[in-house]
Amino acid sequence: MAAPGELGGLSSLGAAEAMSVAEALSLPAESYGNDPNVEMVWAMKAYQHAEVYFNLISSVDPRLLKLTRLDDGIYTAFRTEFPDLRIDVIDPEDLKSPAAKEKWRPFCMQFENQVEDFNYGTLLRLDSSQEYTEENTIFSTRIQFFAIEIARNREGCNDVIYNNRHKRAGK
(Lines give C-alpha, C1' and ligand atoms only; values in the text may rest on other atoms or scores of the structure.)
Protein backbone atom coordinates (compact mmCIF):
# COMPACT_ATOMS: atom_id res chain seq x y z
CA MET A 1 0.00 0.00 0.00
CA ALA A 2 1.27 3.47 -0.80
CA ALA A 3 1.81 5.99 1.94
CA PRO A 4 -1.06 8.43 2.55
CA GLY A 5 -1.11 11.04 -0.15
CA GLU A 6 0.61 8.89 -2.80
CA LEU A 7 -2.48 7.31 -4.35
CA GLY A 8 -3.69 9.37 -7.29
CA GLY A 9 -6.77 7.25 -8.12
CA LEU A 10 -9.73 9.07 -6.62
CA SER A 11 -8.11 12.49 -6.59
CA SER A 12 -7.56 12.21 -10.32
CA LEU A 13 -11.29 11.77 -11.02
CA GLY A 14 -13.34 14.67 -12.30
CA ALA A 15 -16.75 15.56 -10.87
CA ALA A 16 -18.68 13.53 -13.46
CA GLU A 17 -16.46 10.49 -12.97
CA ALA A 18 -16.75 10.73 -9.19
CA MET A 19 -20.56 10.90 -9.50
CA SER A 20 -20.51 7.77 -11.70
CA VAL A 21 -18.42 5.93 -9.12
CA ALA A 22 -20.77 7.03 -6.32
CA GLU A 23 -23.81 5.89 -8.32
CA ALA A 24 -22.20 2.54 -9.11
CA LEU A 25 -21.33 1.97 -5.46
CA SER A 26 -24.95 2.50 -4.42
CA LEU A 27 -26.14 -0.56 -6.41
CA PRO A 28 -26.55 -3.90 -4.63
CA ALA A 29 -23.46 -6.11 -4.57
CA GLU A 30 -25.30 -8.87 -6.50
CA SER A 31 -25.29 -6.57 -9.53
CA TYR A 32 -21.56 -7.00 -9.99
CA GLY A 33 -20.42 -10.55 -9.33
CA ASN A 34 -16.62 -10.48 -9.06
CA ASP A 35 -15.90 -7.53 -11.33
CA PRO A 36 -12.25 -6.50 -10.71
CA ASN A 37 -13.06 -2.89 -11.61
CA VAL A 38 -15.63 -2.70 -8.81
CA GLU A 39 -13.15 -4.30 -6.40
CA MET A 40 -10.61 -1.63 -7.37
CA VAL A 41 -13.13 1.17 -6.75
CA TRP A 42 -13.97 -0.33 -3.34
CA ALA A 43 -10.26 -0.56 -2.52
CA MET A 44 -9.76 3.07 -3.54
CA LYS A 45 -12.73 4.14 -1.42
CA ALA A 46 -11.36 2.23 1.58
CA TYR A 47 -7.93 3.77 1.04
CA GLN A 48 -9.41 7.27 0.80
CA HIS A 49 -11.26 6.69 4.09
CA ALA A 50 -8.01 5.50 5.72
CA GLU A 51 -6.11 8.51 4.42
CA VAL A 52 -8.72 10.96 5.72
CA TYR A 53 -8.85 9.25 9.10
CA PHE A 54 -5.07 9.18 9.50
CA ASN A 55 -4.84 12.87 8.62
CA LEU A 56 -7.55 13.54 11.20
CA ILE A 57 -5.82 11.74 14.08
CA SER A 58 -2.54 13.38 13.06
CA SER A 59 -4.06 16.87 13.18
CA VAL A 60 -6.58 16.78 16.05
CA ASP A 61 -6.08 15.41 19.53
CA PRO A 62 -7.64 11.92 19.12
CA ARG A 63 -9.14 12.05 22.63
CA LEU A 64 -11.36 14.92 21.42
CA LEU A 65 -12.59 13.23 18.23
CA LYS A 66 -16.14 12.06 17.75
CA LEU A 67 -16.34 9.60 14.84
CA THR A 68 -20.11 8.99 14.89
CA ARG A 69 -23.16 10.27 16.72
CA LEU A 70 -23.16 6.92 18.54
CA ASP A 71 -19.59 6.90 19.86
CA ASP A 72 -20.61 6.44 23.49
CA GLY A 73 -22.90 3.50 22.71
CA ILE A 74 -20.41 1.86 20.36
CA TYR A 75 -17.62 2.19 22.91
CA THR A 76 -19.75 0.83 25.77
CA ALA A 77 -21.00 -2.12 23.69
CA PHE A 78 -17.47 -2.84 22.43
CA ARG A 79 -15.84 -2.86 25.87
CA THR A 80 -18.76 -4.85 27.33
CA GLU A 81 -18.39 -7.53 24.64
CA PHE A 82 -14.59 -7.36 24.30
CA PRO A 83 -13.29 -6.13 27.68
CA ASP A 84 -9.84 -7.66 27.31
CA LEU A 85 -9.26 -7.20 23.59
CA ARG A 86 -5.86 -5.62 23.05
CA ILE A 87 -6.38 -2.63 20.76
CA ASP A 88 -2.97 -0.96 20.67
CA VAL A 89 -1.68 -3.81 18.50
CA ILE A 90 -4.42 -5.94 16.97
CA ASP A 91 -3.84 -9.66 16.46
CA PRO A 92 -5.53 -10.47 13.11
CA GLU A 93 -6.85 -13.67 14.68
CA ASP A 94 -8.95 -11.52 17.04
CA LEU A 95 -10.92 -10.38 13.96
CA LYS A 96 -10.58 -13.18 11.42
CA SER A 97 -10.53 -16.56 13.19
CA PRO A 98 -13.77 -18.57 13.04
CA ALA A 99 -14.28 -18.11 16.80
CA ALA A 100 -13.67 -14.35 16.54
CA LYS A 101 -16.08 -14.00 13.62
CA GLU A 102 -18.79 -15.75 15.67
CA LYS A 103 -18.24 -13.29 18.53
CA TRP A 104 -18.03 -10.22 16.28
CA ARG A 105 -21.15 -11.05 14.24
CA PRO A 106 -23.77 -10.24 16.93
CA PHE A 107 -21.79 -7.17 17.98
CA CYS A 108 -21.78 -5.85 14.41
CA MET A 109 -25.41 -6.71 13.68
CA GLN A 110 -26.69 -4.66 16.63
CA PHE A 111 -25.60 -1.56 14.67
CA GLU A 112 -27.13 -2.60 11.33
CA ASN A 113 -29.88 0.04 11.41
CA GLN A 114 -27.93 2.62 13.42
CA VAL A 115 -24.58 3.05 11.66
CA GLU A 116 -24.69 3.81 7.95
CA ASP A 117 -22.71 1.29 5.89
CA PHE A 118 -21.86 -0.62 9.11
CA ASN A 119 -20.59 -3.62 7.16
CA TYR A 120 -18.62 -1.85 4.40
CA GLY A 121 -15.01 -2.87 4.04
CA THR A 122 -12.61 -0.53 5.81
CA LEU A 123 -8.86 -0.52 6.37
CA LEU A 124 -7.72 -0.84 9.98
CA ARG A 125 -4.16 -0.36 11.25
CA LEU A 126 -2.89 -3.35 13.19
CA ASP A 127 -0.41 -1.31 15.27
CA SER A 128 -1.98 1.96 16.40
CA SER A 129 1.42 3.63 16.77
CA GLN A 130 2.20 3.19 13.06
CA GLU A 131 0.91 4.59 9.78
CA TYR A 132 -1.13 2.71 7.20
CA THR A 133 1.24 0.43 5.30
CA GLU A 134 0.65 -2.86 3.56
CA GLU A 135 2.19 -4.74 6.50
CA ASN A 136 0.24 -2.75 9.11
CA THR A 137 -3.22 -2.93 7.55
CA ILE A 138 -6.07 -5.39 7.75
CA PHE A 139 -9.51 -5.30 6.16
CA SER A 140 -12.38 -4.96 8.65
CA THR A 141 -16.01 -3.92 8.63
CA ARG A 142 -16.78 -0.27 9.26
CA ILE A 143 -18.38 -0.99 12.66
CA GLN A 144 -15.29 -2.94 13.75
CA PHE A 145 -13.17 0.02 12.62
CA PHE A 146 -15.37 2.45 14.58
CA ALA A 147 -15.37 0.27 17.71
CA ILE A 148 -11.60 -0.19 17.74
CA GLU A 149 -10.70 3.37 16.72
CA ILE A 150 -13.13 4.97 19.19
CA ALA A 151 -11.53 2.81 21.89
CA ARG A 152 -8.03 3.70 20.67
CA ASN A 153 -8.89 7.39 20.78
CA ARG A 154 -10.46 7.24 24.26
CA GLU A 155 -7.78 4.98 25.72
CA GLY A 156 -4.87 7.02 24.34
CA CYS A 157 -3.52 4.53 21.81
CA ASN A 158 -3.64 7.06 18.95
CA ASP A 159 -1.92 9.80 20.96
CA VAL A 160 1.46 8.74 19.58
CA ILE A 161 0.38 9.58 16.00
CA TYR A 162 -0.83 13.04 17.00
CA ASN A 163 2.20 13.71 19.22
CA ASN A 164 4.71 12.56 16.59
CA ARG A 165 3.28 14.88 13.96
CA HIS A 166 3.34 17.83 16.32
CA LYS A 167 6.93 17.07 17.41
CA ARG A 168 8.03 17.01 13.74
CA ALA A 169 6.18 20.27 13.12
CA GLY A 170 7.84 21.88 16.15
CA LYS A 171 4.50 22.60 17.86
Side-chain angles (χ1 to χ4, degrees), residues 1-11 39-40 42-108 110-111 114-171:
M1 169 177 278
E6 291 181 8
L7 184 66
L10 288 176
S11 61
E39 289 178 13
M40 179 55 123
W42 280 110
M44 288 184 344
K45 185 175 179 180
Y47 182 84
Q48 182 184 39
H49 177 265
E51 185 175 38
V52 167
Y53 181 69
F54 192 82
N55 287 336
L56 189 61
I57 62 172
S58 297
S59 303
V60 177
D61 183 343
R63 292 177 189 253
L64 303 176
L65 288 177
K66 188 162 175 84
L67 301 183
T68 74
R69 61 181 171 71
L70 300 171
D71 280 15
D72 293 338
I74 292 170
Y75 180 73
T76 299
F78 172 67
R79 278 310 188 193
T80 298
E81 187 62 35
F82 301 95
D84 301 319
L85 182 67
R86 184 174 173 196
I87 58 169
D88 59 335
V89 179
I90 299 284
D91 179 346
E93 289 297 304
D94 289 337
L95 297 176
K96 303 295 183 182
S97 73
K101 286 180 179 181
E102 284 303 311
K103 191 165 185 176
W104 275 102
R105 188 171 291 114
F107 173 84
C108 295
Q110 71 182 308
F111 295 100
Q114 298 176 52
V115 175
E116 185 177 350
D117 303 330
F118 80 105
N119 64 346
Y120 275 27
T122 306
L123 299 176
L124 178 68
R125 292 170 300 131
L126 293 170
D127 183 340
S128 63
S129 70
Q130 302 297 315
E131 296 185 24
Y132 283 95
T133 63
E134 187 172 338
E135 300 79 26
N136 192 43
T137 304
I138 190 169
F139 210 54
S140 71
T141 64
R142 183 162 293 168
I143 191 60
Q144 287 173 311
F145 169 87
F146 282 143
I148 291 167
E149 289 297 337
I150 290 166
R152 284 176 168 176
N153 290 341
R154 290 182 178 202
E155 296 174 20
C157 298
N158 282 330
D159 289 357
V160 67
I161 299 297
Y162 175 75
N163 292 335
N164 284 345
R165 178 176 245 186
H166 288 269
K167 282 180 193 170
R168 285 193 310 267
K171 295 181 181 178

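Here the structure is a predicted model, which is why all the values come from computation and not from measurement.
Annotation for R152 and I87: closest pair NE-O, 2.7 Å, computed over non-hydrogen atoms. In this structure, P62 and N158 approach most closely via the heavy-atom pair CG-O, 3.6 Å. Nearest heavy atom pair, residue S58 against residue Y162, reads O-CD1, 3.6 Å.
Residues forming a side-chain hydrogen bond (donor to acceptor under 3.5 Å, both in side chains) with Y75 (at least two apart in sequence, or on another chain): E155. Considering only residues two or more places apart in sequence or on other chains, E102 meets the side-chain hydrogen bond (donor to acceptor under 3.5 Å, both in side chains) condition with R105. With sequence neighbours excluded, the residues satisfying side-chain hydrogen bond (donor to acceptor under 3.5 Å, both in side chains) with R86 are D88. Every residue was checked against the side-chain hydrogen bond (donor to acceptor under 3.5 Å, both in side chains) condition with D61, not counting sequence neighbours, and none meets it.
Classified by interplanar angle (parallel below 30°, tilted 30° to 60°, perpendicular above 60°), the ring pair W104/F82 is parallel.
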Kindly indicate, with the supporting measurements, whether the criterion side chain to side chain contact (heavy atoms under 4.5 Å, CB included) is fulfilled by Y120 and H49.
-> CA-CA 11 Å; Y120 275 27; H49 177 265; over 6 Å; no
Working for side chain to side chain contact (heavy atoms under 4.5 Å, CB included), residues L123 and F139 = CA-CA 5 Å; L123 299 176; F139 210 54; 3.7 Å; yes
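A distance below 6.0 Å separates the ring centres of Y53 and F145.
Between the side chain of N136 and the main chain of E131, a donor-acceptor pair closer than 3.5 Å is present. In this structure, the side chain of R125 does not engage the main chain of I90 through any donor-acceptor pair within 3.5 Å.
Among pairs with a residue in residues 89-98, none fulfils side chain to side chain donor-acceptor pair (under 3.5 Å), at least two apart in sequence or across chains. Identified under the salt bridge (Lys or Arg N to Asp or Glu O under 4.0 Å) test for residues 136-148, with sequence neighbours left out: D117-R142.
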